[in-house]
Chemist: 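Sharing a structure, written as structure tokens. Questions coming.
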Number of protein chains: 2
Amino acid sequence: MSFKSTVQRRLANRVKDALRDVSLQLALLNHQVGARLKLRDVDFDCLNLLNQHGPLGPGALAKLAGLHPATMTGVLDRLEKAGWATRDRDREDRRAVVVRAAPERGREIFELYAGMNGSMDDICADYTVEQLEIIEEFLRRTAAAGHDSTVKLTD
Amino acid sequence: MSFKSTVQRRLANRVKDALRDVSLQLALLNHQVGARLKLRDVDFDCLNLLNQHGPLGPGALAKLAGLHPATMTGVLDRLEKAGWATRDRDREDRRAVVVRAAPERGREIFELYAGMNGSMDDICADYTVEQLEIIEEFLRRTAAAGHDSTVKLTD
DNA sequence: GTCAGTTAATATGGAAACCATATCATCTCC
DNA sequence: GGAGATGATATGGTTTCCATATTAACTGAC
């Protein structure tokens, strides 16, 4: 890592501090949104993973979420029972099922995030196109770094 | 909200997408770090809140974390027993206790995040001072927006 | 100064969740 | 064809959650 100046190093530390705060605040927001939907944190996290990655098998979802397969069975039982997800037979492997988030329920989640989404639109409106491109690139690289770090921890 | 162009609106959506991915990846990383420390998600989240906010009473910590006071008692029991936090008498209110994260254990957490921290330093080194200032400001405003949204959801 | 009302933290116990292990059906490869 | 592996779930013991109650302490009105 090659910082060009002490100012830049200090700024990097401030960026990392701000990132930690973002992570914390969004985790707390997610917890409240989940509570409003009467979902346990672990259930809501798994639902978010399904919304992000698309349909997955319970084993793959468990691995992604860092959960035991038996735990995932319980989580999916609750999500299915509450109408947030469905389990369907896999067409190619009769052992397997495919789990999908219920698309018609997405609006309920969307509505609870409306405040945050509106605030983000307002914030983004203050930046130029060039600035937003820089910000997006930074966030993409940060997400990739987070993913890589997680993979390294589970090896 | 007043976007100056369609390009800017589209970019805002990409920024929001990227932010969701960052939130998800950091949540998964936190889960794995917590697992390495043999801490339940809820325990690790509370420890992180103590590290971020400094000493707090159990009631204030429960409110911040969106947890029931009785749940917090159990969380603090586990954190105390495992040596991650201490409960001390409040000097001014004999009913109250003050919970502190154990400073000597901070290094263990720090070491598990070393990969991510190093990656963030590398990423930041690619940006100019001006760009890092923009990024930091954006993250600060995003954290504030997240906090405000959470407060609105709990009213 | 007294006392009713409120607050802070914890105790209790029933319900819910977690997960190590086992089970069964299915798939793969030799 | 069959041994070994895999995917998902069942089981049951343990752990966690939390509604409610309890106790000690604080506050403010009278």
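Protein chains get the first letters and strands the later ones, always in sequence-line order, with residue 1 at the start of each.
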Chemist: What's the spacing between B/Gln25 CD and A/Leu139 CG if we round to 0.5 Å?
Modeler: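 That separation rounds to 12.5 Å.
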Chemist: Could you label the plane-to-plane angle of the A/Tyr127 and B/Phe138 rings as parallel, tilted or perpendicular, counting under 30° as parallel and over 60° as perpendicular?
Modeler: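 Aromatic pair A/Tyr127/B/Phe138 classed perpendicular.
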Chemist: Where do A/Asp121 and B/Lys16 land on the salt bridge (Lys or Arg N to Asp or Glu O under 4.0 Å) test, with the steps shown first?
Modeler: CA-CA 9 Å; A/Asp121 283 337; B/Lys16 288 193 291 187; 2.9 Å; yes
Chemist: Provide the closest heavy-atom pair for A/Ala145 versus B/Ile123 in the form atom of the first, atom of the second, distance.
Modeler: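 Here A/Ala145 and B/Ile123 meet closest at CB-CD1, 4.1 Å.
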Chemist: So, do B/Leu11 and A/Cys124 sit near enough that their side-chain heavy atoms are less than 4.5 Å apart?
Modeler: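 With C-beta onward as the side chain, the pair stays apart.
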Chemist: Quick check on contacts: within residues 34-41 of chain B, what sits under 4.0 Å from DNA chain D by heavy-atom distance?
Modeler: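 Contacting residues: B/Arg40.
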Chemist: Return the CG to CG distance between A/Leu50 and A/Leu61, rounded to the nearest 0.5 Å.
Modeler: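 The distance works out to 5.0 Å.
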Chemist: Roughly what angle, to 10°, lies between the helix axis at the start of the helix from C/dG1-D/dC30 to C/dC30-D/dG1 and the one at its end, five pairs per end?
Modeler: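 Angle reported: 30°, given to the nearest ten degrees.
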Chemist: What pairs of residues pass the salt bridge (Lys or Arg N to Asp or Glu O under 4.0 Å) test when at least one of them lies in residues 27-52 of chain B, not counting sequence neighbours?
Modeler: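 Every salt bridge (Lys or Arg N to Asp or Glu O under 4.0 Å) pair that includes a residue of residues 27-52 of chain B, provided the two are not neighbours, is B/Asp43-B/Arg78.
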Chemist: If hydrophobic clusters are built from ILVMFWY residues whose side chains come within less than 4.5 Å, do A/Leu76 and A/Val98 share one?
Modeler: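 As far as the 4.5 Å side-chain criterion goes, A/Val98 and A/Leu76 are not connected within one cluster.
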Chemist: Measure the CD1-OG1 distance between A/Ile134 and A/Thr128 for me, rounded to the nearest 0.5 Å.
Modeler: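 A/Ile134 atom CD1 to A/Thr128 atom OG1 measures 7.0 Å (nearest 0.5 Å).
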Chemist: Could you please spell out the steps behind the salt bridge (Lys or Arg N to Asp or Glu O under 4.0 Å) verdict for B/Asp148 and B/Arg141?
Modeler: CA-CA 10 Å; B/Asp148 291 345; B/Arg141 295 178 70 181; over 6 Å; no
Chemist: Does any N or O in the side chain of A/Ser23 come within less than 3.5 Å of the main-chain N or O of A/Leu19, such that one atom is a donor and the other an acceptor?
Modeler: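 No: the side chain of A/Ser23 does not pair with the backbone of A/Leu19.
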Chemist: Using salt bridge (Lys or Arg N to Asp or Glu O under 4.0 Å), reason through B/Asp17 and B/Arg20 one step at a time and then give a plain yes or no.
Modeler: CA-CA 5 Å; B/Asp17 280 350; B/Arg20 262 189 291 278; 2.7 Å; yes
Chemist: How long is the gap from CG on B/Leu28 to OG on A/Ser149, to the nearest 0.5 Å?
Modeler: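 Between atom CG of B/Leu28 and atom OG of A/Ser149 there are 12.0 Å.
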Chemist: Specify the residues of residues 64-81 of chain B, ordered by number, for which at least one heavy atom lies under 4.0 angstrom from an atom of DNA chain D.
Modeler: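 Residues of residues 64-81 of chain B under 4.0 Å from DNA chain D: B/His68, B/Ala70, B/Thr71, B/Arg78.
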Chemist: Mind running a 4.0 Å heavy-atom check of residues 86-102 of chain A against DNA chain D and sending the residues that fall below it, in number order?
Modeler: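 Residues of residues 86-102 of chain A that come under 4.0 Å of DNA chain D are, in numerical order, A/Arg87, A/Arg95, A/Ala96, A/Val97.
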Chemist: Say you draw a straight line from OG1 of A/Thr150 to NE2 of B/His31; how long is it, rounded to the nearest 0.5 Å?
Modeler: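 Answer rounded to 0.5 Å: 10.0 Å.
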Chemist: Could you tell me from which nucleotide to which nucleotide of DNA chain C, 5' to 3', there is an atom under 4.0 Å from chain B heavy atoms?
Modeler: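 So the contact region on DNA chain C extends C/dT7 to C/dC19.
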Chemist: CD of B/Gln8 to CD of A/Glu133: how many Å apart, nearest 0.5 Å?
Modeler: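 Result: 11.0 Å between the selected atoms.
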